[in-house]
Engineer: 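First the structure, then my questions, so here it is.
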Amino acid sequence: MPKQNRGPYILAAGAAAQLLTGIPAAWGVFQQPVMQGYGFSRGQAMLGFAVLVAAYGVGCAVGGLLQDASGPRPAGLWGTVLLAGGFFAAALVPPANAALFLVVYSLPAGLGSAFLAPAVLACAQKWYQDKKGWATGVAGVAMGLSGAFFTLFVKGVGGRWGIRVCFAALGAVMLVVCGAGALILENPPATAKEKTQPGLDYRQMLRTPQYKLCAAAVALSAPAVLLFSPEIFKIAAERGLPESAAPYSIVLGSAASAAGRMLLPAVSDKLGRKPVLYAVYIGLAAGSAWFAFAQAWWLLAAYALLTFFYSGGAAVQPSFNTDLFGLAHAGVNYGFIALGMSGGSILSYIGAQALPLAARHWLAGVCAAGGLVCVSLVKPVENS
């Protein structure tokens, strides 16, 4: 197949892989089955989630380095092995062994998801350089839909055969789908313009104030969703939603996440990255206030608003980074920006364990306001 015709196939392959990497958005559907199937406490199950997200942030940096050195295909294949291997290993963890679960599942699954993410997003941007936001959105929209996929899969397979069989089955699906998608990933031939295009490598980027502000903004966007997503079923029930309707919180949140990942990057191509990111953080702050008081079905609408802006902002960020630091090292540079996710995950875990629900809502709103300030302070990078 001629390389110039591979763009749509790259997007399709990326979307297929991303469908299976959105585990953080769907952890609410895993939380109770993991607690019951492995004999974990609430804190142990939430720690498994927090370590997975933290490993995702670190893995984006490591995976970005691998992609920069070897290309998107090796990074995607290594990500597939780690992701699928983590799910296979989880099926074998004995009861009441939370430490082993963290080591053999949370760490490799987080790292594997992260190896795939920069490979897909940077590769898509290089094929569609004039529509980077749109390409990122198309490749990432499936990650938004992954919440609905995991909800149906866990309720179906896990509900019938248990969470261990569910983990093993997901590992097999990931091995096939993500592996096939990774094999298709390939960067386009570099043009003469691209070869001379200025851009910062990760060492240069790490020294800039723009990097620190962007990483901080990424971290501060996380609490609005991660403080609540592991326990969204429980929160929904306490706010008056029927137990049978609780799974809709993840399904609706997943649909809103997909819409945010598709719409906001495309809008940012037209209006600019910073205006859209301003809207993201204002939306997270306003949504956090609404979520604090919403009852019954309105709770689902408030949570969907949060997932729309959180996921949409995450999809705009790679293009924003590329605009700031150049396309040449987009994968590894985005990987280091994603370290902010690790910080946000740790902050969210500490907040979820230490604070009552009402205080968590305040923390989410304050963090969103802080993220808005960080984005407003980002200035264009001067290439020396």
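The shown structure was predicted, so the numbers you read here are calculated from the model rather than taken from an experiment. Nothing fancy with the numbering, it's 1 onward along the sequence. These numbers come from the heavy atoms of this one structure, side chains and all, not from hydrogens, waters or symmetry mates.
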Engineer: If hydrophobic clusters are built from ILVMFWY residues whose side chains come within less than 4.5 Å, do F88 and V93 share one?
Structural biologist: no
Engineer: Quick one: does F30's side chain get under 4.5 Å of I23's, heavy atoms only?
Structural biologist: yes
Engineer: Mind checking whether L11 and Y128 have side chains closer than 4.5 Å, heavy atoms only?
Structural biologist: yes
Engineer: Within this structure, what is the CH2-CZ distance for the pair W78 and F115, rounded to the nearest 0.5 Å?
Structural biologist: 8.5 Å
Engineer: Among pairs that include at least one residue of residues 29-40, which meet side chain to side chain donor-acceptor pair (under 3.5 Å), considering only residues two or more places apart or in two chains?
Structural biologist: W27-Q31
Engineer: Is any side-chain heavy atom of C178 less than 4.5 Å from a side-chain heavy atom of L116?
Structural biologist: yes
Engineer: Less than 4.5 Å apart, any side-chain heavy atom of K270 and any of V267?
Structural biologist: no
Engineer: Should F336 and L65 count as side-chain neighbours, where that means a heavy-atom distance under 4.5 Å?
Structural biologist: yes
Engineer: Decide whether L152 and L170 are clustered together by the hydrophobic rule: side chain heavy atoms of Ile, Leu, Val, Met, Phe, Trp, Tyr closer than 4.5 Å, transitively.
Structural biologist: no
Engineer: Kindly compute the distance separating CE (M35) from CZ (R42), expressed to the nearest 0.5 Å.
Structural biologist: 8.5 Å
Engineer: Would you confirm whether the ring centroid of F325 sits within less than 6.0 angstrom of the ring centroid of Y211?
Structural biologist: no
Engineer: So, taking the atom named OG in S268 and the one named NZ in K274, what distance separates them when rounded to the nearest 0.5 Å?
Structural biologist: 14.0 Å
Engineer: To the nearest 0.5 Å, how far apart are CE in M341 and CD1 in I346?
Structural biologist: 13.5 Å
Engineer: For the pair N321 and N333, evaluate side-chain contact (heavy atoms from CB on, under 4.5 Å) and give the outcome as yes or no after the intermediate values.
Structural biologist: CA-CA 8 Å; N321 301 338; N333 287 348; 5.7 Å; no
Engineer: Applying a strict under-4.5 Å side-chain criterion to I, L, V, M, F, W and Y, I'd like to know whether L77 and V81 cluster together.
Structural biologist: no
Engineer: If I compare all heavy atoms of L339 with all of G57, which pair ends up nearest, and what's the gap?
Structural biologist: CD2-O, 3.5 Å
Engineer: For a side-chain contact (heavy atoms from CB on, under 4.5 Å) check, start with the C-alpha distance between L20 and F149, then their side-chain angles and the critical distance, and finish with the verdict.
Structural biologist: CA-CA 8 Å; L20 296 164; F149 168 79; 3.3 Å; yes
Engineer: Quick one: ring-ring contact (aromatic ring centres under 6.0 Å, His included) partners of F308, sequence neighbours excluded?
Structural biologist: none
Engineer: Nearest 0.5 angstrom please: S106 OG to L47 CG, how far?
Structural biologist: 7.5 Å
Engineer: Could you tell me which non-hydrogen atom of L206 sits nearest to which non-hydrogen atom of K212, and how far apart they are?
Structural biologist: O-NZ, 3.1 Å
Engineer: Hey, does L241 have a side-chain heavy atom less than 4.5 Å from the side chain of L299?
Structural biologist: no
Engineer: Do the side chains of C123 and N187 get nearer than 4.5 Å, heavy atoms only?
Structural biologist: yes
Engineer: Please check if L227 and V51 belong to a single hydrophobic cluster, counting links between Ile, Leu, Val, Met, Phe, Trp and Tyr side chain heavy atoms closer than 4.5 Å.
Structural biologist: no
Engineer: Looking at every heavy atom in both A359 and L355, which two are closest together, and how far apart are they?
Structural biologist: CB-CB, 4.0 Å
Engineer: Give a yes or no on whether the backbone of I235 and the side-chain of E238 come within a donor-acceptor separation of less than 3.5 Å.
Structural biologist: no
Engineer: Compare every heavy atom of A301 with every heavy atom of W290, then report the nearest pair and how far apart it is.
Structural biologist: CH2-CB, 3.7 Å
Engineer: Closest approach of A119 and A75, non-hydrogen atoms and distance?
Structural biologist: CB-CB, 4.2 Å
Engineer: Please round to the nearest 0.5 Å and tell me the distance separating atom SG of C214 and atom CE of M205.
Structural biologist: 9.0 Å
Engineer: Closer than 4.0 angstrom, basic N to acidic O: yes or no for E186 and K126?
Structural biologist: no
Engineer: Whether the side chain of R360 engages the backbone of Q353 through a donor-acceptor N/O pair (distance < 3.5 Å, no angle test) should be reported.
Structural biologist: no
Engineer: With a 4.5 Å heavy-atom cut-off, do L277 and Q317 have their side chains touching?
Structural biologist: yes
Engineer: Under the side-chain contact (heavy atoms from CB on, under 4.5 Å) rule, what do F167 and V34 come out as? Steps first, then yes or no, please.
Structural biologist: CA-CA 10 Å; F167 274 135; V34 166; 4.1 Å; yes
Engineer: A quick test of your reading: do over 12 heavy atoms of other residues, nucleotides or ligands sit less than 6.0 Å from CH2 of W298?
Structural biologist: no
Engineer: Is atom OH of Y278 surrounded by more than 12 heavy atoms (other residues, nucleotides or ligands) closer than 6.0 Å?
Structural biologist: yes
Engineer: Does a donor on one side chain sit under 3.5 Å from an acceptor on the other, for S257 and T307?
Structural biologist: no
Engineer: Starting from the C-alpha separation in whole Å, work towards a yes-or-no answer on side-chain contact (heavy atoms from CB on, under 4.5 Å) for R73 and Q67.
Structural biologist: CA-CA 8 Å; R73 186 178 297 160; Q67 181 197 305; over 6 Å; no
Engineer: Tell me if the centroids of the rings in H361 and F228 come within less than 6.0 Å of each other.
Structural biologist: yes
Engineer: Quick one: does S113's side chain have a donor or acceptor within less than 3.5 Å of a partner on G110's backbone?
Structural biologist: no
Engineer: Quick check with a 6.0 Å cut-off and a 45 degree axis cone: is R239 positioned over the face of F291's six-membered ring?
Structural biologist: yes
Engineer: Do Q210 side-chain atoms and L324 backbone N/O form a donor-acceptor pair below 3.5 Å?
Structural biologist: no
Engineer: Would you say the ring centroid of Y105 lies under 6.0 angstrom from that of F87?
Structural biologist: yes
Engineer: Looking only at heavy atoms, which two atoms of S345 and L226 are closest? And how far apart?
Structural biologist: CA-CD1, 4.2 Å
